[in-house]
Amino acid sequence: MSPLRFTLSYRGPLKAASTKDKQKIRLCLHDQLKMLWSGFPFDEFHDHHFNDAESKKLVGKVTYLPLVRKSARLIAELDILLLRNEVPGRIIVGGGDIDNRLKTLFDALRCPHSAEEAGSQSHTDTEIYTLLEDDSLITAVSVTTDRLLEQCDPEEAFLIVRVSVIPINFPVGGIAIA
């Protein structure tokens, strides 16, 4: 089975270890994932994908709906373009180094582990779509950084995240690999 591929984007603050930023990114991506689930072919198997307790995670008063999860036997590979208004060589100086910024992004792509981590839940949706149940389901990452050639806040980043969702339960010689 071929991977399912789609692209997510985010423009805004991307600081190291920022709970506020994680939830802001999560909510931005929720809108995109909600749109993904409402169109073909996702709309045809939405109810099947989220039909049991393992497919949803309740955090506070919000139910999180991850596309990639262990019980669905799916993993994700990410190809990330990170643009910031920094000169070459300084892309990782202000706001934290690149690995900690990426950790903020990876945390935002998954369901929060607690209500505290979810931060302010002032949005109106009682269900939030996330890419991942847990960031351990990311099995490959490629990152390219470059300069954003626009005037913007120094903390602002523009991310293009190309996602490949890959099923891992397939028969090989009569043996299921999981």
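- Tested against Leu109 for a side-chain contact (heavy atoms from CB on, under 4.5 Å), the candidates Leu29, Leu137, Thr104 yield a single pass: Leu29.
- Considering only residues two or more places apart in sequence or on other chains, His113 meets the ring pair (Phe, Tyr, Trp, His ring centres under 6.0 Å) condition with none of them.
- Between the side chain of Asp79 and the main chain of Arg162, no donor-acceptor pair closer than 3.5 Å is present.
- A salt bridge is absent between Asp134 and Lys70; no separation between the charged side-chain nitrogens and carboxylate oxygens falls under 4.0 Å.
- Closest approach of Pro66 and Ser55 over heavy atoms only: CD-O, 3.4 Å.
- At distances below 3.5 Å, at least one donor-acceptor pair connects side-chain atoms of Gln32 with backbone N or O atoms of Ser9.
- Residues Leu58 and Phe50 fall into different hydrophobic clusters, defined by Ile, Leu, Val, Met, Phe, Trp and Tyr side chains chained together at heavy-atom separations under 4.5 Å.
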Apply side chain to side chain contact (heavy atoms under 4.5 Å, CB included) to residues Val163 and Val68 and explain how you reach the verdict. CA-CA 11 Å; Val163 179; Val68 177; 5.9 Å; no
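- Hydrophobic clustering of Ile, Leu, Val, Met, Phe, Trp and Tyr side chains at less than 4.5 Å, counting indirect connections, keeps Met35 apart from Ile25.
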Run the numbers on Asp99 and Lys103 for salt bridge (Lys or Arg N to Asp or Glu O under 4.0 Å), then give the verdict. CA-CA 6 Å; Asp99 57 335; Lys103 179 64 174 142; over 6 Å; no
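- Ring orientation note: the planes of Tyr129 and His30 are close to parallel, at an angle under 30° on the 30°/60° scale.
- With hydrogens and angles left out, the side-chain atoms of Arg110 and Thr130 include no donor and acceptor closer than 3.5 Å.
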Between Leu67 and Trp37, is the side chain to side chain contact (heavy atoms under 4.5 Å, CB included) condition met? List the steps. CA-CA 9 Å; Leu67 166 60; Trp37 277 108; 3.3 Å; yes
